[in-house]
> 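Below is a structure I'd like to ask you about.
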Amino acid sequence: AALDRQTMLIQRVSDLITRSLHQPDGDATSVGLLPSAVARALKFLSFDVSGNPIAAAGTSADLGPVSSFINTLLDDADAPTARGTLGFSDIAAKGDLLVGTANDTIATLPVGTTTGHALIVNPSDSTGLSWGPRAQDNPIINGNMEIWQRGTTFTNPATATHSADRWLRYGPTGATVTRSTNVPTVAQAGVLFNYSYSIDVTTADLSGVNLHEIVQKIEGYNWRHFAQRDIVISFWIRSTKTGIYSLGVVNNGDRYHISEYTINTTNTWEYKTITIPASPSAGTWDYTNGIGLLVRFGLVKSTTSSGTVGAWTTGNVSTSTNQVNAADTIGNIIRLTGVKLELGSVATPIQFVPFEVELARAKRYYQKSFSYATTPAQNIGTGTGEYVFPSTGAGAVTITSPSIGFAVVFRATPTMTLFNPQATNGQLRNTTDSADLTTANANANDASVAFTGTGNAGLAVGEEIRVHWTAAAEL
């Protein structure tokens, strides 16, 4: 029994030794004793240069292997002091961010002050970042020049004629407007553009009395969100003629702001951004379904179109006195695409809008019965999207079609233009008898249209009546 007890004690001692820290057999000298309880209270167990245990306070004085930089950090009494040692700026308010300004340099980016703003890339800022409005719908409709319901080539169009949807060219005849595939490259713009708005000068204008410009009129409902706030307009432009150009923004007649920009290299795509201070509350502004703002790209100034640069001013002009004459030579070409208007002073990349969404936005101002790719024209043939309805009477009586709803509710009651699918006139066509009705009218409101016409002697009930149409409620 005594032997068994002795064996148990030996096993217990061996177990305790195994579970403890102990000096390896190879050490030349014995390890010293632990400091006393008083000496080691609230201290760290450490070892001196001889490997003996010491009670360390955790400061540079008793932590020999620590680098000099960490020693300075360990001496810091609080977090702000430690952040200073690490090169961090102070966090002054909730939402502040620590950002790099250069190699091994850190600064504080204060939290934004406007509700809803987001962090955006801004290469001009020392931090490369700034607070600004989140990506938003562009009040410029068809800024990428993708929607062309009226056609894709317009030779010698009259002034104030639409071509690409929502875009007008002002100026005398002597130019061809086309949908061009000459666009900025992806490497340049960071996005693929399909088309640009292109003006090819076919008759030089050296008169100095004609204003030439590319214009979009923004509806008041779409302008209201941006009114009386700083805005920035960005765009890609290419011109044969270098020099100073003008961008004018004008309300419906009595307040304008003109900015200048320079096209530096002939026939080269260049990206421009124009910052414009908040529009004034004074003046004649429409924030409903009238003209909210005209965005006017000047190409040639006239004797009466120039005004003050860089400030909102009373009047109705859109170019500076320095505006070059981009139509002074036959063969000059001006191209424009990627137009965006947004809040703030920092332009952001133009956002993706599905084609069908942009087309629906354009249809608030213009719709047609023709298929999308078909240019409206008389005598285009049947089976091309024309409206078909049966005659409700016989002989020389007035017949009325059922109402048809427009794809999108118009801004206002549209102006209707009728097209005969089988003749060069605007009459309703009886395709059963291959004869025209004697009168044709469209009775429209902003949501629907019905057609009426007077039959001829041969008209019978149930015969097919066909008509093409366009509807426009442009600003």
Side-chain angles (χ1 to χ4, degrees), residues 142 147-169 173 176-179 359-360 362-393 396-456 458-459 462-475:
N142 199 24
I147 312 298
W148 297 71
Q149 292 190 84
R150 295 171 173 87
T152 57
T153 300
F154 304 82
T155 302
N156 291 325
T159 190
T161 296
H162 285 86
S163 44
D165 278 55
R166 306 296 301 120
W167 292 98
L168 304 93
R169 171 193 168 271
T173 58
T176 299
V177 176
T178 58
R179 183 184 71 182
L359 178 59
K363 284 186 174 182
R364 179 167 168 79
Y365 310 91
Y366 181 85
Q367 296 178 42
K368 62 180 182 177
S369 59
F370 301 87
S371 63
Y372 173 76
T374 301
T375 300
Q378 302 289 354
N379 196 27
I380 202 167
T382 58
T384 53
E386 72 275 10
Y387 179 49
V388 183
F389 65 95
S391 169
T392 55
V397 297
T398 298
I399 62 172
T400 301
S401 75
S403 293
I404 57 172
F406 293 122
V408 174
V409 173
F410 274 100
R411 178 192 64 85
T413 299
T415 298
M416 303 295 302
T417 303
L418 304 186
F419 298 81
N420 189 326
Q422 289 188 329
T424 56
N425 58 53
Q427 296 293 345
L428 302 179
R429 182 72 169 179
N430 179 349
T431 52
T432 302
D433 293 343
S434 298
D436 295 335
L437 275 64
T438 59
T439 64
N441 294 284
N443 303 307
N445 56 40
D446 61 359
S448 64
V449 62
F451 302 96
T452 62
T454 302
N456 50 39
L459 180 66
E463 292 184 333
E464 286 189 345
I465 311 300
R466 298 174 184 255
V467 64
H468 266 301
W469 54 269
T470 61
E474 298 285 359
L475 291 161

> Tell me if a side-chain donor or acceptor on R411 pairs with a main-chain N or O of A473 at a distance below 3.5 Å.
yes

> Evaluate the side-chain proximity of H468 to P376: yes if any heavy-atom separation is below 4.5 Å, no if none is.
no

> Nearest 0.5 Å please: distance from the OG1 atom of T452 over to the CG atom of L428.
7.5 Å

> For side chain to side chain contact (heavy atoms under 4.5 Å, CB included), just list the numbers for T384 and T382, CA-CA rounded to whole Å, side-chain angles, deciding distance to a tenth of an Å, and then say yes or no.
CA-CA 5 Å; T384 53; T382 58; over 6 Å; no

> Between D165 (side chain) and Q149 (backbone), is there a donor-acceptor pair under 3.5 Å?
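Yes, D165 side chain to Q149 backbone: donor-acceptor pair under 3.5 Å.
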
> Of all the heavy-atom pairs spanning A435 and N456, show the shortest one and how long it is.
CB-ND2, 3.7 Å

> Looking only at heavy atoms, which two atoms of Q367 and A407 are closest? And how far apart?
OE1-N, 3.0 Å

> How long is the span from the CD atom in Q378 to the CD atom in Q427, to the nearest 0.5 Å?
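So the CD of Q378 and the CD of Q427 are separated by 9.5 Å.
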
> To the nearest 0.5 Å, what is the distance between CZ on R166 and OH on Y365?
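Reported value, rounded in 0.5 Å steps: 5.0 Å.
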
> Write down the atom of A362, the atom of I147, and the distance for their closest heavy-atom approach.
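Taking A362 first and I147 second, the nearest heavy atoms are CB-CG2, 4.2 Å.
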
> When you measure from the side chain of N441 to the backbone N and O of G453, does any donor-acceptor pair fall under 3.5 Å?
no

> What distance do N430 atom CG and I465 atom CD1 have between them, rounded to the nearest 0.5 Å?
4.0 Å

> Taking ring-ring contact (aromatic ring centres under 6.0 Å, His included) as the criterion, tell me which of F419, F406, F370 meets it with W469.
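Option passing the ring-ring contact (aromatic ring centres under 6.0 Å, His included) with W469: F406.
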
> Please report the interatomic distance OG1(T413) to CG(D446), rounded to the nearest 0.5 Å.
5.5 Å

> Can a donor-acceptor pair be found, under 3.5 Å and without considering hydrogens, that links the side chain of T454 to the backbone of V397?
no

> With salt bridge (charged side-chain N to carboxylate O under 4.0 Å, His left out) as the criterion, how do R150 and E474 come out once you've worked through the C-alpha distance, each side chain's angles and the decisive distance to 0.1 Å?
CA-CA 13 Å; R150 295 171 173 87; E474 298 285 359; 2.7 Å; yes

> Is a donor on one side and an acceptor on the other found under 3.5 Å between the side chain of N379 and the backbone of T424?
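It does not hold such a pair.
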
> If you compare all heavy atoms of V449 against all heavy atoms of A444, which two are closest, and at what distance to 0.1 Å?
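Closest approach of V449 to A444, heavy atoms only: CG2-CB, 3.8 Å.
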
> Once you round to the nearest 0.5 Å, how far does CZ of F389 lie from OG of S403?
11.0 Å

> Using modelled atom types only, decide if a donor and an acceptor are shared between the side chain of N420 and the backbone of R429 within a distance under 3.5 Å.
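A pair under 3.5 Å: no.
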
> Taking the side chain from K368 and the backbone from T374, do they hold a donor-acceptor pair closer than 3.5 Å?
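Yes, the answer is positive, given that a donor and an acceptor are paired below the 3.5 Å cut-off.
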
> Between N445 and P414, what is the shortest heavy-atom contact and its length?
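For N445 versus P414, the nearest heavy atoms are O-CD, 3.3 Å.
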
> So, for A440 and L418, which heavy atoms are closest and what is the spacing to 0.1 Å?
CB-CD1, 3.9 Å

> Side chain of W167, backbone of N142: donor and acceptor closer than 3.5 Å?
yes

> Please enumerate all residues that pass side chain to side chain contact (heavy atoms under 4.5 Å, CB included) together with T392, with sequence neighbours excluded.
I399

> With sequence neighbours excluded, tell me which residues meet side chain to side chain contact (heavy atoms under 4.5 Å, CB included) with E464.
V388, T431, T432, R466

> Taking the six-membered ring for Trp and the single ring otherwise, decide whether the centroids of Y387 and F451 are under 6.0 Å apart.
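Y387 vs F451: aromatic centres under 6.0 Å.
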
> What's the verdict on side chain to side chain contact (heavy atoms under 4.5 Å, CB included) for D433 and E463, showing C-alpha distance, side-chain angles and the deciding distance?
CA-CA 8 Å; D433 293 343; E463 292 184 333; 2.9 Å; yes

